[in-house]
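In each ligand, atom 1 is the first atom listed, and ligand 1 is the first ligand listed. Remember, it's a predicted structure, so these values are computed and weren't measured experimentally. Just so it is clear, the values below take in all heavy atoms, side chains as well, and ignore hydrogens, waters and symmetry mates.
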Amino acid sequence: MSRSKYSARNEFRSDTFTTPSRAMLEAALDASVGDAVYDEDDDTNELQERIAQLTGKERGLFCVSGTLANQIGVRTHLKEPPYSILCDHRAHIYVHEAAGLAMLSNAMVVPVKPSNGIYLTLEDIQEHFIVDDEDIHSAPTKLIALENTVHGVVHPYEELVRISQWCKENKIPLHCDGARLWNASVASGVTFKQYGEIFDSISICLSKSIGAPIGSVLVGSKQFIKKANHYKKQCGGGIRQSGPMARMAMVAIDENLGKLEETHRKAKELADHLVANGIALNEPPDTNFVFIDVKKSPIDNDLLMEIAEKHNVNVWAGRIAFHYQVDDEALQSIKTAIVEAFEQTKALDKKNVVTKIYNTTSAE
Ligand SMILES: *Cc1c(COP(=O)(O)O)cnc(C)c1O
């Protein structure tokens, strides 16, 4: 079997830059080969059932990506336009899914900045919630979507329970973009079943954190998943022989879930080091990300690229991502590289400093 020389040990750009293990690739060779579009693939069915059981939901639906799982999940919740979706202003479904909410769901989005700067509270939601009072000027909120983790932050369980109870009382569905629910669960001790009780639907990533080459699973009620599958097919997301992908994902869960704690520890080590060197962070480093506050602590992007290359690490300024394949040597190198770039940026003419942050590029 030929393997590329690419290695993820020094890769901090995203937690998607993992490489499948030999065990994953070998498992793919023995996978079932039925047609999953007709629900005839054993390994795909097994994976779907496994994630559904884990979350206490009736059904799971294997999707090629988190974007697809989120978009069809959202679409399924929405029935009668005009309507709007309320979410965090940093939400992937809003910022990073190519206007899917506008194009696929015809939805207006109300992006909300948490008043505590970190996570949405029930009060934030109530303040921006658009009531369906038959006012013909408005687009009533018909879905609340939360991301957990959002920018690596674990949404506190007690707050989720409050939000969920309020949504149930008001008959508003609650979707979770749980691309990194694995991380949230490991960091907080809240089980997938507990999260399943809170949310009506959850999309769970298999490639972020867990390290499978591909896939997300959307979970919900039987009726919900049946309709979501209809939208999945409409989006061209039907996969025929998805057995090898499903089997690789199951190996990934078995092999890598237990490694998340160590991944979080590494991220925390970097975060502590940066703070000790006067670099401000945007969010607390609860899990596998370190978000630098590049407004308070500018780091010139070109300079960082140069210095990172010298120290043999790949990184984008602003957001440093950790995954299970990052090794200790790379952790020490990234600590040195970022502090060096930060110090050297101070010497530059401030007007020319370009700090690339996660979702935009800003000059300051
Ligand atoms: C990456 C990501 C997605 C989308 O996953 P893709 O598989 O890249 O489409 C959704 N939500 C969050 C929070 C993500 O980080």
Side-chain angles (χ1 to χ4, degrees), residues 8 11-18 20 47 51 60-75 85 87-101 103-105 109 111 114 118-120 143-155 160 174-187 195 199 201-219 228 231-232 235-237 239 242 245-246 248-249 252-253 260 263-264 267 282-283 285-291 316 318-324 357-359:
E11 190 52 84
F12 295 91
R13 288 176 296 171
S14 173
D15 50 356
T16 56
F17 281 93
T18 51
L47 171 67
I51 304 289
L61 183 64
F62 181 67
C63 297
V64 284
S65 67
T67 300
L68 184 66
N70 278 328
Q71 292 296 327
I72 63 175
V74 166
R75 181 66 195 87
I85 300 165
C87 63
D88 189 288
H89 72 117
R90 299 161 294 181
H92 196 281
I93 58 165
Y94 167 58
V95 184
H96 299 294
E97 297 188 8
L101 300 180
M103 299 187 72
L104 301 170
S105 286
V109 181
I118 305 173
Y119 57 85
L120 289 179
L143 177 69
I144 294 169
L146 300 176
E147 193 171 304
N148 195 19
T149 62
V150 57
H151 277 207
V153 172
V154 178
H155 209 133
L160 290 178
L174 189 57
H175 172 75
C176 177
D177 179 350
R180 298 187 183 83
L181 201 65
W182 305 108
N183 303 80
S185 177
V186 165
Y195 285 127
F199 296 101
S201 57
I202 312 178
S203 73
I204 295 158
C205 196
L206 302 161
S207 62
K208 311 266 176 75
S209 309
I210 290 301
I214 193 170
S216 276
V217 174
L218 176 69
V219 295
Y231 288 123
K232 174 181 149 180
C235 287
I239 324 168
S242 56
M245 299 173 209
M248 282 192 277
I253 297 168
L260 284 185
T263 302
H264 296 173
N282 258 331
E283 279 101 357
D286 287 351
T287 55
N288 67 321
F289 284 117
V290 179
F291 275 85
W316 287 321
R319 185 191 81 158
I320 300 100
F322 284 76
H323 52 78
Y324 79 97
I357 60 176
Y358 180 50
N359 52 13

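- For I93, no heavy-atom contact with ligand 1 is shorter than 4.0 Å.
- Heavy atoms of S65 found under 4.0 angstrom from ligand 1 belong to the backbone as well as the side chain.
- If you number the atoms of ligand 1 from 1 as listed, the ones under 4.0 Å from a heavy atom of E97 come out as 10 (C).
- Residues N183 and T149 bring no donor and acceptor atom of their side chains to less than 3.5 Å of each other.
- Per-residue contacts place K208 under 4.0 angstrom from the following atoms of ligand 1 (heavy atoms of the residue considered): 1 (C), 2 (C), 3 (C), 5 (O), 14 (C), 15 (O).
- Taking a cut-off of under 4.0 Å to the non-hydrogen atoms of E147, the atoms of ligand 1 that pass are 13 (C).
- No more than 12 heavy atoms of other residues, nucleotides or ligands sit less than 6.0 Å from atom OH of Y94.
- By the criterion of a heavy-atom distance under 4.0 Å, neither the backbone nor the side chain of H96 is placed next to ligand 1.
- Between the side chains of H92 and E97, at least one donor-acceptor pair of N or O atoms lies under 3.5 Å.
- Judged by distance alone, the side chain of K208 and the main-chain N or O of G66 form no donor-acceptor pair under 3.5 Å.
- For ligand 1, the polar-atom distance check finds an N/O of T67 within less than 3.5 Å of one of the ligand's N/O atoms.
- Counting only N and O atoms by type, the side chains of H264 and T287 include no donor and acceptor under 3.5 Å apart.
- Close placement of the F12 and F322 rings is indicated, their centers lying within 6.0 Å of each other.
- Short contacts between ligand 1 and N70, defined as distances under 4.0 Å to a heavy atom of the residue, involve ligand atoms 10 (C), 11 (N).
- The shortest N or O to N or O distance between R180 and ligand 1 is below 3.5 Å.
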Next item on the list: Tell me, with the steps shown, if E283 and R90 meet salt bridge (charged side-chain N to carboxylate O under 4.0 Å, His left out).
Entry: CA-CA 12 Å; E283 279 101 357; R90 299 161 294 181; 2.8 Å; yes
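- In this structure, P213 and M248 approach most closely via the heavy-atom pair CG-SD, 3.7 Å.
- Proximity of D177 to ligand 1, defined as any heavy-atom pair under 4.0 Å, is confined to the side chain (atoms from C-beta onward).
- Between G66 and ligand 1, a contact under 3.5 Å exists for at least one N or O pair.
- Shown in contact with A179 at under 4.0 Å from a heavy atom are these atoms of ligand 1, numbered in order with element: 11 (N), 12 (C), 13 (C), 14 (C).
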